[in-house]
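Heads up: the structure comes next, in structure tokens.
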Amino acid sequence: MRYSEYFIPTLKETPADAEVISHQLMLRAGMIRKLAAGIYNYLPLGLRSIRKVENIVREEMNRAGAIELLMPMVTPAELWQESGRWEKYGPELRRIKDRKEAEFCLGPTHEEVVTDIVRREVRSYRQMPLNLYQVQTKFRDEIRPRFGLMRGREFIMKDAYSFDVDSSAADISYDKMYQAYRRIFQRCGLNFRAVEADTGSIGGTASHEFMVLAESGEDAIVSCSACEYAANVEKAESPVKGGTEHAEPRPLEKVATPEKRTIEEVAEFLGVPKAAMVKTLVLSADGEPVVALLRGDHDLNEIKLQHLLGCDTLEMAGDEIVTKVTGAPVGFAGPVGLKVKIVADLAVQVLRNFVTGGNAKDLHLKNVNLDRDCHVGIFADIRNVVHGDPCPRCSGGTLEMWRGIEVGHVFKLGTRYSEALHATYLDADGKEQTVFMGCYGIGIGRTVAAAIEQNHDDNGIIFPLPIAPFHCIISALNMKEEAVKEASETIYQQLSEAGVEVLLDDRDERPGFKFKDADLIGIPLRIVVGSKNLADGKVELKERRSGEVSLLPIDEAVEKVKAAVAVAL
RNA sequence: CGGGGUGUAGCGCAGCCUGGCUAGCGCACCUGCCUUGGGAGCAGGGGGUCGGAGGUUCGAAUCCUCUCACCCCGACCA
């Protein structure tokens, strides 16, 4: 490809509305352009990287026995009504009507559609295991799209669905996908962790997320310092340290705390550690008020609490509800004397003589003891783990916290969808059985963005070669000089014929300009053809990542590039 | 959806508070000269319904009302 005939609109300045580095660099490198909030044009360079990831995904999916198909982006409401998700999915599911007023939605995922295919066509246990996948554009009307391709509303996703005769067969399919995912992200050159995860709105019995480690990641994950345990904080557990404190209960004491509302303020005012306080949170579960009790230095894990309560919605209550439940303005809530359901975290269960709000303005209570002073309905793990918590799986290990970008997610679905949609088969005994399913997603665009988050420097992107839009760029410093032109063309020919993807920068620009662009768009290998070195029959080969430069005869440079590409792929 | 903010040339911004002359600057773009190893220089040039609608006023980018879009924080989510 000749740069002068190609289309790479690079930007010298950083667009103001790009927050994270991958977004900035993809814009600057001319890979993407925004069309609307969370909706992007993929320009040629960006598309090439996307295609690279897609192809790696396809190769590994095929190797793992999955079969590609393509389902429509627009899907009829009936299927979603059958599974119950037409109601359950929030406004994220973009519902649309056709000219006859018939209802459809833009596919945010395809469990319903693929299950419909299978229930129609699969009748016998002999037809399984079956794993169908597609690479499709999805649409989810995200509340707040951001970070470029990391959280778009429209995005490209590979989604696979496995169908098996029973739970243990489904486990085998799941494991195959898990292994395939490991290979995919390794081949993409990513530093990632597979972590245990919550199943969210997809539902199911078990799941792992594949997280690319990056400061800008939207998810918090933990891993054990000693064993293999790793989990999303949404899911991560930690055993309670030590036993119950055996301190003698002291008499309850009221203490005035004028205008001290937050845990920090009260702890400082009373001179007690945050861990000796209990925070009282008022929530609304499907509209019913619920109170959650947590140690002062801990945070509520809403997902754990939601699972525990079995409710569809859970949100922090507004000021009016707090006032109604506690009889006090926000900031002075406590468990003593409350009439509503109270859930306390396990770490609270072992506390004695702690500080809480007094359910009256400017009042807190000291020496509160749960069994004596209030009625807790349930004790359960409802908090987020914190750095340094003990590992739930091994003795001695402690949990470390990281930020991660979720690029892949695998689920064991069980029979949730197959039951709702009646996907059944006849077993060897001629008995009707329900199909066991799994589903497996990879965000393609997000994977490219995550790779850039992990691979860049001040000058721009540093693409891992397997997903780079081009393997090699030839910077011809002055195409007007016959010798430079000739040598550049020769190198271009030889590399292209060898299957190396080459971009020949034949533009009439100054050298510095070409170098800056080459660095920005992140091509892993660069050959510089300049008249001075060419006089000695040599060209310069520079590796983008290491910055390593070598002066070589033309033939040798070509051979080195060929070899480097062969090794990396 | 709640809170905050921004819309002025392709991009980045100034001007707005305190209304007034032809609406500016840098980059980019076009022409010419010059230059060619890290985003050069000189000269000339093109490009704006100041997001949109309405209002106040002799006069609106500037003040008021409504509206749209986008961004940030929060809740939400593979």
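Below, chain A is the first sequence line, B the second, and so on; all start at residue 1.
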Distance between [atom1] atoms of [N] and [M] (Å, rounded):
N     : M     : atom1 : answer
B:U8  : B:A53 : P     : 15 Å
B:A43 : B:G26 : P     : 12 Å
B:A9  : B:C50 : P     : 10 Å
B:G52 : B:C58 : C1'   : 26 Å
B:C29 : B:G39 : P     : 16 Å
B:U56 : B:C76 : C1'   : 43 Å
B:G38 : B:C77 : C1'   : 44 Å
B:G4  : B:G10 : C1'   : 29 Å

How many Å lie between [atom1] on [X] and [atom2] on [N], as a whole number?
X        : N     : atom1 : atom2 : answer
A:Ile527 : B:G37 : CD1   : P     : 19 Å
A:Met150 : B:C77 : CE    : P     : 19 Å
A:Asp508 : B:U36 : CG    : C1'   : 9 Å
A:Glu218 : B:G74 : CD    : C1'   : 14 Å
A:Asn478 : B:G38 : CG    : P     : 14 Å
A:Arg507 : B:U36 : CZ    : P     : 19 Å
A:Asn301 : B:C76 : CG    : C1'   : 14 Å
A:Leu27  : B:C71 : CG    : P     : 12 Å

Flag side-chain contact, heavy atom, 4.5 Å: A:Glu218 against A:Ile405: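 With C-beta onward as the side chain, the pair stays apart.
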Looking at every strand, decide which applies to [X] at a 4.0 Å heavy-atom threshold: base, sugar-phosphate, or nothing.
X        : result
A:Glu19  : sugar-phosphate
A:Lys542 : base
A:Leu520 : base
A:Glu509 : base
A:Gly441 : nothing
A:Asp519 : base
A:Lys138 : nothing

Could you write out each protein N or O paired with an N or O of nucleotides 7-16 of chain B at a distance under 3.5 Å?
from	atom 1	to	atom 2	distance (Å)
B:C11	O2	A:Glu13	OE1	3.3
B:G12	OP1	A:Ala16	N	3.4

Under 3.5 Å side-chain donor-acceptor pair for A:Glu112 and A:Thr115: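 Checked: A:Glu112/A:Thr115 side chains show no N/O donor-acceptor pair below 3.5 Å.
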N/O donor-acceptor pair, side chain A:Arg146 with base B:G74, under 3.5 angstrom: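 Donor-acceptor pair under 3.5 Å: no.
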Heavy-atom donor-acceptor pair, A:Asp517 side-chain to B:G39 base, under 3.5 Å: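 A donor-acceptor contact between them is present.
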If the cut-off is 4.0 Å, is [X] near the phosphate of [N], judged by side-chain N/O to OP1 or OP2?
X        : N     : value
A:Lys34  : B:C70 : no
A:Arg144 : B:C72 : yes
A:Arg510 : B:A40 : yes

Counter-base of B:C1, judged by Watson-Crick or G-U geometry with both distances under 3.5 Å: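 For B:C1, the partner nucleotide comes out as B:G74, under the 3.5 Å rule.
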Pairing partner of B:G7 (Watson-Crick or G-U wobble, both distances under 3.5 Å):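 Pairing partner: B:C68.
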To the side chain of [X], which of [options] is closest?
X        : options             : answer
A:Ile143 : B:C1, B:U36, B:C70  : B:C1
A:Glu302 : B:C71, B:C76, B:G37 : B:C76
A:Leu477 : B:G37, B:C77, B:U35 : B:G37

Mutual orientation of the aromatic rings belonging to A:Tyr181 and A:Phe185 [parallel < 30°, tilted 30-60°, perpendicular > 60°]: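 Ring orientation, 0 to 90° scale: perpendicular.
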Parallel, tilted or perpendicular, as decided by the 30° and 60° cut-offs, for the rings of A:Tyr6 and A:Phe470: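 Rings of A:Phe470 and A:Tyr6: perpendicular, over 60°.
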Residue pair A:Tyr42 / A:Glu154: nearest heavy atoms and the distance that separates them: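 So the two residues come closest at OH-O, 4.5 Å.
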Along RNA chain B (nearest heavy atom to each residue), the more 5'-positioned of A:Gly408 and A:Asn533: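 Taking each residue's closest nucleotide, the earlier one in sequence belongs to A:Asn533.
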Is it true that the NZ or CZ of [X] lies under 6.0 Å from the centre of [Y]'s six-membered ring and within 45 degrees of the ring axis?
X        : Y       : answer
A:Arg507 : A:Tyr3  : yes
A:Arg95  : A:Trp86 : yes
A:Lys34  : A:Tyr40 : no

CA sep, side-chain torsions, deciding dist, call: A:Glu196, A:Lys235, salt bridge (Lys or Arg N to Asp or Glu O under 4.0 Å): CA-CA 7 Å; A:Glu196 294 178 20; A:Lys235 169 94 177 171; 5.5 Å; no
Full working for ring pair (Phe, Tyr, Trp, His ring centres under 6.0 Å) between A:Tyr178 and A:Phe210: CA-CA 9 Å; A:Tyr178 183 95; A:Phe210 288 77; 5.4 Å; yes
